[in-house]
Amino acid sequence: MAGASERECSHTLLLVQRNTEMRSRTYYDFERIHFALDALCELYENEEREKKEGVLCLTYDIADLHNFIDDFNDLSLLVFNEKFNA
């Protein structure tokens with residue numbers, strides 16, 4: 001089983017498609033998986049800030065984040081596995 005430091009150093013691509021339109025597809029490239037997960041939270045927070053203009057402090061729980069993720073047409077994380085070179 002891989003150690004925590006090995007997992008943290010895994011190059012990761014976050015692929016997202018917001019809706020059924022092909023032009024909504026994009027990707028983000030990260031050196032570590034936790035950076036990709038932080039970016040996903042940041043996407044949610046940015047969207048919430050746009051909806052709630054003027055709010056300085058956002059409060060949400062994991063269920064809110066799950067609902068946000070469920071609204072994507074597609075969302076994938078590709079994580080490089082050094083052991084298999086894939």
Side-chain angles (χ1 to χ4, degrees):
M1 185 167 187
S5 62
E6 190 176 321
R7 285 192 305 268
E8 289 175 3
C9 294
S10 300
H11 187 192
T12 303
L13 295 176
L14 171 61
L15 310 173
V16 296
Q17 184 174 354
R18 292 301 312 221
N19 52 50
T20 58
E21 295 180 25
M22 296 295 278
R23 66 178 179 223
S24 73
R25 288 181 174 180
T26 192
Y27 74 94
Y28 304 90
D29 192 347
F30 302 95
E31 288 301 315
R32 293 182 170 83
I33 191 168
H34 69 269
F35 292 153
L37 298 175
D38 286 345
L40 185 57
C41 292
E42 190 173 316
L43 287 172
Y44 172 72
E45 291 170 1
N46 289 340
E47 186 171 293
E48 287 300 298
R49 282 190 185 95
E50 287 178 15
K51 290 179 189 175
K52 301 173 182 174
E53 210 170 301
V55 173
L56 298 177
C57 183
L58 291 175
T59 304
Y60 61 94
D61 62 21
I62 193 68
D64 298 322
L65 192 56
H66 285 170
N67 289 333
F68 172 72
I69 291 168
D70 286 344
D71 284 343
F72 280 89
N73 191 63
D74 193 16
L75 185 142
S76 300
L77 284 170
L78 301 177
V79 181
F80 178 73
N81 185 320
E82 191 172 331
K83 180 179 178 182
F84 297 107
N85 200 28

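Please read all numbers here as calculations on a predicted model, not as lab measurements.
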Practice problem: For Phe35 and Thr12, run side-chain contact (heavy atoms from CB on, under 4.5 Å): C-alpha distance rounded to whole Å, both residues' side-chain angles, the deciding distance at 0.1 Å, then the answer. | Solution: CA-CA 9 Å; Phe35 292 153; Thr12 303; over 6 Å; no
Quiz item: What distance separates Asn81 CG from His11 NE2, expressed to the nearest 0.5 Å?
Solution: 14.0 Å
Practice problem: Check the hydrophobic clustering (I, L, V, M, F, W, Y; side-chain heavy atoms under 4.5 Å; chains of links allowed) and say if Leu75 and Ile62 are grouped together. | Solution: yes
Quiz prompt | Non-hydrogen atoms of Phe68 and Leu43 that approach each other most closely | solution = CZ-C, 3.9 Å
Quiz item: Are Leu40 and Tyr28 side-chain neighbours, meaning at least one heavy-atom pair lies under 4.5 Å?
Solution: no
Quiz item: So, Ser24 side chain and Asn19 main chain: donor-acceptor pair closer than 3.5 Å or not?
Solution: yes
Exercise. Kindly indicate, with the supporting measurements, whether the criterion side-chain contact (heavy atoms from CB on, under 4.5 Å) is fulfilled by Arg25 and Asn73.
Key: CA-CA 9 Å; Arg25 288 181 174 180; Asn73 191 63; over 6 Å; no
Quiz prompt | Asp64 side chain to Asp61 backbone, donor-acceptor under 3.5 Å | solution = yes
Self-check item: Euclidean distance, Thr26 OG1 relative to Leu14 CG, rounded to 0.5 Å
Solution: 9.0 Å
Quiz item: Considering all heavy atoms of both residues, which atom of Glu45 and which atom of Leu58 are nearest to each other, and what is their separation?
Solution: O-CD1, 3.4 Å
Self-check item: Close side-chain approach of Phe72 and Arg18, heavy atoms under 4.5 Å
Solution: yes
Quiz item: Nearest 0.5 Å, what's the NZ-CD distance between Lys52 and Glu47?
Solution: 10.5 Å
Practice problem: Among Ile, Leu, Val, Met, Phe, Trp and Tyr joined by side-chain contacts under 4.5 Å, find the other residues sharing a cluster with Leu78 and list them by chain and number. | Solution: Leu13, Leu15, Tyr27
Exercise. Grab the two heavy atoms, one from Phe30 and one from Ala39, that are nearest each other, plus how far apart they are.
Key: CZ-CB, 3.3 Å
Quiz item: Which distance, rounded to the nearest 0.5 Å, do you find between the CD of Glu21 and the CZ of Arg23?
Solution: 4.0 Å
